[in-house]
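Below, read A as the first sequence line, B as the second, and so on, with proteins coming before strands; counting in each chain starts at 1.
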Amino acid sequence: MERTVILEGKNISRWYQMGEVRVNALQETSFQVYAGEFIVVLGPSGSGKSTMLNAIGGMDKISAGELFYKDQALHKANERALTKYRRRAVGFVFQHYNLMSNLTALENVSLSVEIATNPLRPIDVLQEVGLADRADHFPSQMSGGEQQRVAIARAIAKNPELLLCDEPTGALDFSTGIQVLKLLRKFNTEYNKTVMVITHNASIAEMADRVFYMKDGKLIDIRVIPQPVSPEEVSW
Amino acid sequence: MLWRKLLRDLWSNKAAYFACLVVIVIGLMVYTSVAIVYENIVDAKNRFYFQQNFADGFARVQGMPLSEVDRLERVEGVQLLSARITKDVRVYDPDRQEGIYLRLISVNPEQASTVNHVRVIEGTALKANQDSILVDPAFFQANGLDLGSTITLIVEGKKVELVVAGTGQNPEFVYAMKTSHDLYPAPETFGIAYVPFDTMANMFQSKTLVNDIVFTLRDGYSYLQVEEQLKPLLNKYGLEYIIPREDQLSNVILTQEIASLGATVTTIPIVFLGIAAIVLYIMLRRMVEQQRGQIGTLKAFGYTGTEILFHYLAYGLILGLAGGIIGGLLGIALSYPITVLYQQFFALPDLQGQFSYRYLVFGILLSLAFSIVAAFQGSKGILRLQPAEAMRPAAPPAAKKILLERLPIIWSTLTVQGKMAMRNMFRNKLRSFFILLGIALSFSMMAVSVYFWDVGDLILTEQYTKVQVYDVKVSFATPILQKSAERELWKATGVKQVESMLEVPISLERYWLKKDVVLIGMPADASLYNVIDDNGEKVYLNDNGIYLSNSLADELQINIGSELSFKSPFTKDKTINTYVAGVISQNVGSYAYMKYDYMAELLGQGKIITSALLNINAGDIPLLKEQYLESPIIAGIEDKEQSMRQILELLASFSYTTWILVFFAGACGFAIIYSSSIISLSERQRELASLRVLGMSPKEVFEVLSFEQWVTSFVAMLIGIPLAFAMVAAMAQSIDTDLMSIPVVLAPSTFIYAAIGTIASILVAQYSVYQTINRLSLVDVLKERD
């Protein structure tokens, strides 16, 4: 079966000028991501994982190289085009949820639906993440795991092609972490959407289709997992 | 080291602190400048009144022999008394269209101590029996006179030439208006001239008969005690009025102006400093919350709560000190041009701009007090924080449903951004309230500025299109018979209508209440001069009874139908009884009215009139003036168009003060919106950045903030409307006198202008906020949990 490339990076680099020092956060990295894949990006702190994810998510621009989403050249896109790209194609899940503190769970989900072109029904998505009964609660009235599930609901309700997650389980305990991973996998398989998860928790890698290993701003290895395990089997 | 932190914190929030500083500076600038001007004027007034021996009482009679003066001087309680001849005469100047008048006041050059002593400003003092005069400096300047030049007067039909020996000023004419009917002094067409007594006595047929008496009181005697004794002595000489200093025209206006300056000194700085204090409070409150980790660390090091509190108080200290110094110095600089402006209207020779350390120091202390109190209120929470607690991040801000959500009709129409904005407003109730208050104040200040810009026009338009609808008013030197006057005037070219008018000074009496006013008699079919009611509708006078202005009626505590009596020099001290037929509205002056026939009958002097109103072709006015230029019967010809033009020019020159006020109010609105946005922005940076990541454009994210501001501003403007009415009503109350009252009528256009101004300042503030959102670095904001 011919697989479609949804994302492609060619020799992408990102550096920051800090006074007189140039910090190379990402160096000449190339990769391809196929539609419907579940990818885990592994690496220690400062290895360039987040820099890569930010570039892919259209939140940051690369300093050199080429980065394509389908046939759209993200490295050439201006701020307006990037906004549009984030709006249509990308869903983001953060380590610290970043929910709007004065909106209820349902309203937080509705917020992203309002700007999407082909969204899912907010209450359905909340149902999917198992929080329909907490739709009326504010973030300050929910646990961390619940907040993260709302954040995922918010990201997938837009019905994006690409779901990018930066340490989604980083702030959660084991069992809530598993719940979150199950949701990500469900979105990946049932909706056939691409999911990229950044983590430094190596055991999560076992549920991926492919694993990107990063170190010192470089992609040093890509491993294909022939038989990904189900989220329930992941342990740490 | 903490100082370095402080400076860097100030620098990183420079825009918001700067906005706050601007408000302090404006407040202090207004305070210092107005306080200095106030002091200058009060000093100049007191010194001038004292040195020139300003009278405590003023009386006007028709004519009294000079020999009577001795008897008056002996009245118990009189310190010093001067009897003078006072006459208004026309200046002969064939080149000038308008009528120019001088009020001649006799002076006795040989008497060393007199009441209302004339101060020679320029030139030489007067000498007895010389044909020379001193004129007031404003008239001298406005008419381009030179020392030693000749001025030609028309006195009882004859031309009289007098030499201008110099300029002089007495405290009676600090604000020199011809009649209380006028709104402003017009030095081009009206001035004061001081003439040696003998010279003046020779000019008029009445010779040495004096008509004007001024006197000062001995210590321990009240004006009323003296008035009681003088009145019977003066009545037989046709007493027209006797008034205390408080009612003297020039003094009334000067006193009023000083009072309104005093009110400005106390209110304006409070408003501005209050707004600055609110902004500072909000900023520090937020900073303390944001820096709780740092505060905890400092406490853990061993810094005491008080030390840390002082650190935060220093923010207020720095802002208050900087604002106080800058505002104070700018205010001192501003006081000079304002003083110059006052010099143009108030002829106080001693009025000068002065440097004052005192108000600079006062201003700085005032500013410091406000800032430090605000800083303390904002940061006192530090004292309660425990180090361990402080180092933990604050609990996530709790949110709850707001009252508005119980109204699903409204709530469901809001977008999610709208809901966020509404909840946020109610989450920070105190802050929202302050912002609301600030914008409401800024809006109403703008409305009041616009109102004052409008009201001058309004009064003029009403006065000249509804009340004084004549083209020309001809005043007679002495009362003359109605028939012959009308017959004569009808002969003039271009005359379309002639109407008679009888103006007589009377003193109204009701129980112990007394009031000297001018009574105007108007023909039954009067159409050139109208009396109007509160709604601006013409009032048709009853055949009997007297009509009083609102302020007169208030002062005499009288209602329609009440009995009222009056005396007049025309009735030789006989008391005449009548009743109040109506109370009418009057913006300029304060007069009583009667139907002419009824009035002539009451006075018993036959069908006499004192002036006539004409409708005449504009092109024929110069001819009319020329024709009667030297007439002994006609004392003056007033061209309404011309008076109106003069006043409009004067009003236009005031307009820049309006603009300055509008600018100040706008700056305030800007500072509030800007600093509150900056605060919301830094407080909610993370939320807003997440919205950007979700795919919202900067504009959509900005709408979350701006929606909140528009809702607040809209409500604030609604509150500002009654606030503006209250402010205007309070000002109207303080202005309301016999001379002038201002209507509390705010046109919708006033509020539209104020709204435009407020919206403009909000837009400017929002633009800079929008720029900040546009520059928000998503990666940086989301990277670290603060």
Side-chain angles (χ1 to χ4, degrees), chain A residues 14 16 25 50-51 53-55 57-61 79-80 82-104 106-117 122 136-142 144 147 151 154-155 157-158 160 164 166 170-171, chain B residues 393-402 404-405 411-412 414-428 432 680 683-705 707-708 773-786:
Chain A
R14 178 69 171 106
Y16 301 95
S50 293
T51 309
L53 200 75
N54 287 338
M59 280 163 61
D60 197 9
K61 282 187 142 188
E79 186 50 43
R80 184 185 290 262
L82 286 179
T83 301
K84 213 164 166 185
Y85 163 66
R86 288 199 299 268
R87 198 173 183 128
R88 297 218 176 125
V90 185
F92 238 105
V93 177
F94 306 94
Q95 179 178 6
H96 295 293
Y97 339 127
N98 289 339
L99 295 176
M100 304 298 130
S101 60
N102 58 5
L103 291 183
T104 61
L106 184 62
E107 286 164 349
N108 262 290
V109 178
S110 309
L111 182 66
S112 76
V113 163
E114 274 184 3
I115 57 167
T117 42
D136 230 11
H137 288 62
F138 286 98
S140 58
Q141 299 163 325
M142 286 186 279
Q147 288 187 54
R154 180 175 71 175
K158 282 205 297 187
L164 305 177
D166 195 346
Chain B
K400 56 179 186 220
K401 301 215 162 178
I402 58 173
L404 192 66
E405 295 177 44
W411 189 249
S412 59
L414 291 174
T415 60
V416 178
Q417 279 112 309
K419 288 178 186 167
M420 266 177 91
M422 294 304 291
R423 287 214 187 103
N424 200 52
M425 271 170 64
F426 284 91
R427 183 156 79 190
N428 291 303
S432 301
S680 306
E683 212 171 52
R684 294 156 69 191
Q685 219 172 27
R686 217 181 156 76
E687 280 192 6
L688 299 176
S690 326
L691 291 175
R692 291 276 287 119
V693 175
L694 271 182
M696 284 194 182
S697 62
K699 190 166 159 284
E700 286 165 324
V701 173
F702 170 68
E703 275 162 11
V704 176
L705 284 184
F707 183 84
E708 190 179 324
I773 292 183
N774 230 344
R775 285 194 301 265
L776 211 61
S777 160
L778 304 184
V779 179
D780 290 347
V781 175
L782 295 174
K783 200 156 51 186
E784 282 299 319
R785 183 96 182 143
D786 45 16

S.K.: Using heavy-atom distances under 4.5 Å, tell me whether S50(A) contacts chain B through its side chain, its backbone, both, or neither.
M.R.: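 Contact with chain B: none, neither part.
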
S.K.: Sub-3.5 Å donor-acceptor pair from the side chain of K158(A) to the main-chain atoms of R86(A), do we have one?
M.R.: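 At least one qualifying donor-acceptor pair exists.
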
S.K.: Please classify the contact between Q95(A) and chain B as side chain, backbone, both or neither, with a heavy-atom cut-off of under 4.5 Å.
M.R.: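 For Q95(A), neither part sits under 4.5 Å from chain B.
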
S.K.: Would you check if the side chain of S432(B) reaches a backbone N or O of M425(B) as a donor-acceptor pair within less than 3.5 Å?
M.R.: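 It does hold such a pair.
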
S.K.: Can you say whether L111(A) sits under 4.5 Å from chain B via the side chain, the backbone, both, or neither, judging by heavy atoms?
M.R.: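 When you check distances to chain B, atoms from both the backbone and side chain of L111(A) fall under 4.5 Å.
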
S.K.: Heavy-atom pairs under 4.5 Å with chain B - which of E79(A), H137(A), R88(A), M100(A) has more of them than the others?
M.R.: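 Highest number of pairs under 4.5 Å: M100(A).
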
S.K.: Check for a donor-acceptor pair, side chain of Q147(A) on one end and backbone N or O of L99(A) on the other, with a separation under 3.5 Å.
M.R.: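 No, Q147(A) side chain to L99(A) backbone: no donor-acceptor pair under 3.5 Å.
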
S.K.: Would you find a donor on one side and an acceptor on the other, under 3.5 Å apart, between the side chain of E700(B) and the backbone of S697(B)?
M.R.: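 Answer holds: yes.
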
S.K.: Need one label for E107(A): side chain, backbone, both or neither, based on atoms under 4.5 Å from any heavy atom in chain B.
M.R.: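 Both backbone and side chain.
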
S.K.: Relative to chain B, which segment of L82(A) carries a heavy atom at a distance below 4.5 Å: side chain, backbone, both, or neither?
M.R.: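 Nothing of L82(A), per the 4.5 Å heavy-atom cut-off to chain B.
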
S.K.: With a 3.5 Å distance limit and no angle check, can you tell me whether R154(A) reaches the backbone of S112(A) through a side-chain donor-acceptor pair?
M.R.: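 Pair absent, no side-chain N/O of R154(A) close to backbone of S112(A).
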
S.K.: By a 4.5 Å heavy-atom criterion (distance strictly below it), what part of L691(B) contacts chain A: side chain, backbone, both, or neither?
M.R.: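 Both backbone and side chain.
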
S.K.: Do any N or O atoms from the side chain of R14(A) and from the backbone of K61(A) form a donor-acceptor pair under 3.5 angstrom?
M.R.: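 Judged by distance alone, yes, a pair lies under 3.5 Å.
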
